[in-house]
**Q** 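Sending over a structure as structure tokens; questions will come in a sec.
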Amino acid sequence: MRAYQGTHHVDDLSGHDGDWAASRAPGETLTALVKLAGRSFVPMMQANAAALASGQKLFHFPVDNAPLSSFSMPYKLFCWLWLKQMYTDLPAPDRDARGPPLEDAGFLPVLNFGPGEEERVLVFGMM
């Protein structure tokens, strides 16, 4: 299956509860993907936020000890803040159920809003 078609199929799974039920422990593949995001996505988003805060156009971040660089982009910061807002908005039982894999991947310490971040969250899709 091509990736583009695959994302459309996944987008159309609203209301599907089956194997994705919250009561089920995450599988090996999902756990590996969350850990990959923790090693790559988290450092990139943190470095982008820091670069924007200090007015830098370029930022550097490590992924598995490999030095990477990217241009700072405000949209990435909005996405990072939206992710934090979505996590904050989860009911406590849902946050608790997702805690262990997120903690193992290094997400939990960074999913909380930093000083002044919550006030900068835009209404999702209103850019």
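These values consider heavy atoms only, across backbone and side chains, with no hydrogens, waters or symmetry-generated copies.
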**Q** Does some side-chain heavy atom of Tyr87 sit less than 4.5 Å from a side-chain heavy atom of Phe107?
**A**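 Phe107 vs Tyr87: side chains apart.
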**Q** In terms of hydrophobic clustering (I, L, V, M, F, W, Y; side-chain heavy atoms under 4.5 Å; direct or indirect links), are Leu33 and Val63 co-clustered?
**A**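 Unlinked, Leu33 and Val63 end up in two clusters.
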**Q** If you group Ile, Leu, Val, Met, Phe, Trp and Tyr by side-chain heavy-atom gaps below 4.5 Å, do Leu30 and Leu90 land in one group?
**A**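 Yes, it is one cluster - the side chains of Leu30 and Leu90 are joined through contacts under 4.5 Å.
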**Q** Are there more than 12 heavy atoms of other residues, nucleotides or ligands under 6.0 Å from atom CD of Glu28?
**A**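 Atom CD in Glu28 is not packed in, count stays at 12 or less.
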**Q** If only atom types and distance count, is the side chain of Trp82 paired as donor or acceptor with the main-chain N or O of Leu77 below 3.5 Å?
**A**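 Not a single qualifying donor-acceptor pair exists.
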**Q** Assess the residue pair Asn48 and Gln46 against the criterion (side chain to side chain contact (heavy atoms under 4.5 Å, CB included)); give the C-alpha distance rounded to whole Å, side-chain angles, the decisive distance to 0.1 Å, and a yes or no.
**A** CA-CA 5 Å; Asn48 181 66; Gln46 288 180 305; over 6 Å; no
**Q** Minimum heavy-atom separation for Lys35 to Ala105, with atom names?
**A**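 Lys35 and Ala105 have their closest heavy atoms at CA-CB, 3.8 Å.
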**Q** Show the nearest heavy-atom pair for residues Phe61 and Pro43, with the distance to one decimal.
**A**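 In terms of heavy atoms, the two residues are closest at CB-O, 3.8 Å.
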**Q** So if you build clusters from Ile, Leu, Val, Met, Phe, Trp, Tyr with side-chain heavy-atom gaps below 4.5 Å, do Phe71 and Leu68 land together?
**A**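 No, because Phe71 and Leu68 fall into different hydrophobic clusters, even though each may have its own neighbours under 4.5 Å.
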**Q** Under 4.0 Å between a side-chain nitrogen and a carboxylate oxygen: does that hold for Asp64 and Arg39?
**A**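 Salt bridge between Asp64 and Arg39, a charged N being under 4.0 Å from a carboxylate O: yes.
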**Q** Using the rule that Ile, Leu, Val, Met, Phe, Trp and Tyr join whenever any side-chain heavy atoms are under 4.5 Å apart, tell me whether Leu36 and Leu111 fall into a single cluster.
**A**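 No.
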**Q** What's the spacing between Lys84 NZ and Arg120 CZ if we round to 0.5 Å?
**A**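 Between atom NZ of Lys84 and atom CZ of Arg120 there are 9.5 Å.
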**Q** Between Cys79 and Met45, what is the shortest heavy-atom contact and its length?
**A**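 Closest heavy-atom pair between Cys79 and Met45: CB-CE, 4.2 Å.
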**Q** Check whether any side-chain heavy atom of Phe113 lies under 4.5 Å from a side-chain heavy atom of Gln85, and answer yes or no.
**A**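 Contact flag for Phe113/Gln85 side chains = yes.
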**Q** Treat each ILVMFWY residue as a node, draw an edge where side-chain heavy atoms are under 4.5 Å apart, and state whether Met73 and Leu83 are in one component.
**A**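 Unlinked, Met73 and Leu83 end up in two clusters.
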**Q** Could you check Gln56 against Ser72 for side chain to side chain contact (heavy atoms under 4.5 Å, CB included), going step by step and ending with a plain yes or no?
**A** CA-CA 7 Å; Gln56 297 174 341; Ser72 57; 5.6 Å; no
**Q** Could you tell me the separation between the OG1 atom of Thr88 and the CD atom of Glu118, rounded to the nearest 0.5 Å?
**A**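 If I round to the nearest 0.5 Å, the distance is 6.0 Å.
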**Q** Assess the pair Tyr75 and Trp80: is the distance between their ring centroids shorter than 6.0 Å?
**A**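 Not close enough - the centres of the two rings lie 6.0 Å or further apart.
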**Q** Please give me the minimum heavy-atom distance between Phe59 and Ala51, naming the atom from each residue.
**A**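 Closest heavy-atom pair between Phe59 and Ala51: CB-CB, 3.6 Å.
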**Q** Quick check: closest heavy atoms across Pro101 and Arg98, and the distance to 0.1 Å?
**A**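 That would be CD-O, 3.3 Å.
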